[in-house]
Number of protein chains: 2
Amino acid sequence: MTHVPNPYKETTIIDIAKELNVSKSTVSRALKNHRSIGEATKKAVQDLAKKYNYHPNDIASSLSKRSTKTIGVIVPLLSHYYFSTVISGIEELAYKSGYKVIICQSAESYEREVIVSQTLLSSKVDGLLVSISRETKNYDHFKVFQEKNIPIIFFDRICPEIEASSVIINDYQGAFMAVEHLIKQGCRRIAHFAGPPLLLISQNRINGYKDALLAHNIPFDEELVIDCGPGLEQENGSQTAQQMLDAGLRPDAIFAFCDPIAIGAMVTLKKNKIKIPAEMAVVGFCNEPMDTVVEPPLSSLVQPAFQIGETAAAIFFQHIQDKTSPIEKRILSTELIVRESSLKKFKNFCNGNFESKKFCSNITQPVAHFKFFYQPCFLRLLFTIMVISPA
Amino acid sequence: MTHVPNPYKETTIIDIAKELNVSKSTVSRALKNHRSIGEATKKAVQDLAKKYNYHPNDIASSLSKRSTKTIGVIVPLLSHYYFSTVISGIEELAYKSGYKVIICQSAESYEREVIVSQTLLSSKVDGLLVSISRETKNYDHFKVFQEKNIPIIFFDRICPEIEASSVIINDYQGAFMAVEHLIKQGCRRIAHFAGPPLLLISQNRINGYKDALLAHNIPFDEELVIDCGPGLEQENGSQTAQQMLDAGLRPDAIFAFCDPIAIGAMVTLKKNKIKIPAEMAVVGFCNEPMDTVVEPPLSSLVQPAFQIGETAAAIFFQHIQDKTSPIEKRILSTELIVRESSLKKFKNFCNGNFESKKFCSNITQPVAHFKFFYQPCFLRLLFTIMVISPA
DNA sequence: CTGAAAGCGCTAACAA
DNA sequence: TTGTTAGCGCTTTCAG
């Protein structure tokens, strides 16, 4: 009597085994092309699997292998270009290695971060890649992973308290370059629209900002470091800029924690008829696509999102391939993209080669090559500069 | 002799059961607060679980319950604001119901779409939410889900061949409204930068475009429907616009398939010193944040991404709660947001109330209320209009 | 080259 | 209120 698979039930290796009068181990092996299985049975099994539209049950396999081939990812917000691009980078590598990716958002909430990390723990992810929420200051929910020997890699917004692998960019250097660039443009009172104070990246950027001033003998003015409050969106930048103006502050440049804030600030400045960059230059951070759309185009620092994702994933694979592989802290260098929003003097930029060293005099780390990333912007820039600020 | 849990092994309900001299079923029940368990044992179990840092193994539970409490999502690209926002909507509902979300990108590739859907099948997702890739024309990989009674809900880019639930916006109506609006602005030669031809949304938008022309006795000119080639990015819009100009075509308006294309086109127009909207008006589709940043701000049609995600998830929950619940095809209405890029005549917009009926004369579906969505843009618009095109 | 059997950790029907 | 037992579908040692 032939075995008829129940149409309301998924076909399993047992169904195939019965039909072929072999054991389920044989089927299991045949299905994954195990070399110790005879060609004939192998083919028979595979054909029947196809015929019955068999799909392996990864859940069962995970349970028995004690590995889910899944990477958990926690980001603050998915709808930020930066984070979704990081995820693409992670996914790309994961995909190539046959890993799945479960993505969770903390929505910038500590509480939710704890909950989703617990979910991920229960889902038995093989590893965790995280960029922490801006509220997080207790890290116990991450320590659990380490106790269970689940590799955890932080990216961008890393965790200061935990000894774990991480991949970040050189925020200090980026901020330093941006501010030094502004100084070379002739700016002397440079405001910084700062990021969420708990985040290391915010602190590093402030430090880069301060040190660049210091390096150029410009006194640091506490008043010019302005907190943008909670939120990293355009409206926060707009509000902060308005508050600044209302307070009678008139810096000649703004270095913003991130691009949306910079763009929001630009909106306010334009509304107040302040000329950018002539009266106030602006530099952002992240080099988001929007930067080339706003007018004038926004100078910014590259955060190689895709590469950051890839790197984080690569470190994860390293850890699971070699359980003893040491913690790795990767620091990617950043790059300053100069666009019109911060370009007061035209002459500096005409001679083709830029001395990157000049831009980063007292940074020990290797310096990113200073170059024009987006060709067309240079052309447009020529044009616009000559028309708008003939200086 | 007390049972000492192996530190190299996760604590399981068995460990707890042994230590407490109860059965593992009791532990299992106590852990989920089953009412038939005595308060005393319940507390003992829960305390010990905490002490041992017990975390349930969802894999085992899934296997035994034959449900993973997981929703699979396939989107073309994560790094599009639209899709990541849809996912946020899905996640929000999923999260509230204790469901996980596995997100996959097809990267606009048919081949990859097939592979990830197979992965999701093997992962035993309880349901699948999909927006298909622009290459997809064979749908067998989705039919498998239906054969296995796994609910599948398409959103935005739905699947014409499969009888499944779906949530889309009224693309036809949106296109109609956009084009009618342009006509009311005095435009007579309106070009359409069309989307990927395989997608239903592209076709619907073309139809809306055609019918609006028809309704206003403007002859349809094949030449003015321009394919943007593969890719929905800014550069595609730029190139297409340049090709159009090079071909000697000078429409007085462009209605683009999506915002990045519209913005790309605007860049080219500006480069060619064509005044927007005076010489050429532009309307996009999706109402992305960038629209308010570009100059002049871009008119567009709202695609309520978050709500689309929520709705798709809601339909999924409906399906799993009631296996027999019928297929549901939800059509959300869209809304035209008028900004400066398409506002040639000021007078039309001064009297407070807009007659939405006028804007959608021959559409049977209920019409979205035509209103200003983004207040500040109206103010800025007043200002700019008066300065730039005093008409 | 193939099979038997013992799990992986949890659930749930049935029994007590 | 609690325990017994039989799985869920697959992997993997060990034995043939």
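Residue numbering restarts at 1 for every chain, and letters A, B, ... go by the order of the sequence lines. A quick note: this is a predicted structure, and the numbers were derived from the prediction, not measured.
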Do any pairs count as a ring pair (Phe, Tyr, Trp, His ring centres under 6.0 Å) and have a residue in residues 20-39 of chain A, sequence neighbours left out, and if so which ones? none

Under 6.0 Å from the CD atom of A:E111, do we count more than 12 heavy atoms belonging to anything else shown? no

Row check, A:Y110 ring normal vs A:R134 NZ/CZ: under 6.0 Å, within 45°: no

Contacts satisfying salt bridge (Lys or Arg N to Asp or Glu O under 4.0 Å) that involve residues 20-38 of chain B (not counting sequence neighbours) are none

B:D15 CG to C:dC8 P, straight-line distance once rounded to whole Å: 11 Å

For a quick check, with a 4.0 angstrom heavy-atom cut-off, what is the B/S/- contact string for nucleotides 10-16 of chain C, read 5' to 3'? BBBBB--

A:T41 side chain near C:dT2 phosphate (N/O to OP1/OP2, under 4.0 Å): yes

Should B:V130 and B:V73 count as side-chain neighbours, where that means a heavy-atom distance under 4.5 Å? no

Give every residue pair that meets the salt bridge (Lys or Arg N to Asp or Glu O under 4.0 Å) criterion with at least one member in residues 148-164 of chain B, sequence neighbours excluded. A:E10-B:K148, B:E108-B:R157, B:K143-B:E161, B:E163-B:K329

Here the salt bridge (Lys or Arg N to Asp or Glu O under 4.0 Å) pairs for residues 41-59 of chain A, sequence neighbours left out, are A:E39-A:K42, A:K43-A:D47, A:D58-A:K100

What is the distance, to the nearest angstrom, from the CG atom on A:L31 to the C1' atom on C:dT2? 16 Å

Give me the bend of the helix from C:dC1-D:dG16 to C:dA16-D:dT1, using the axes of the five pairs at each end, rounded to 10°. 30°

What is the separation between atom CG on A:N21 and atom C1' on C:dA4, rounded to the nearest whole Å? 16 Å

Side-chain N,O (B:S23) to OP1/OP2 (D:dT4) below 4.0 Å: no

Rounded to whole Å, how long is the line connecting atom CZ of B:R66 with atom C1' of D:dA6? 12 Å

Donor-acceptor contact below 3.5 Å, side chain B:S325 vs main chain B:Q321: no

If you assign B:R35 and B:L63 each to the DNA chain D nucleotide with the nearest heavy atom, which residue ends up on the more 5' nucleotide? B:R35

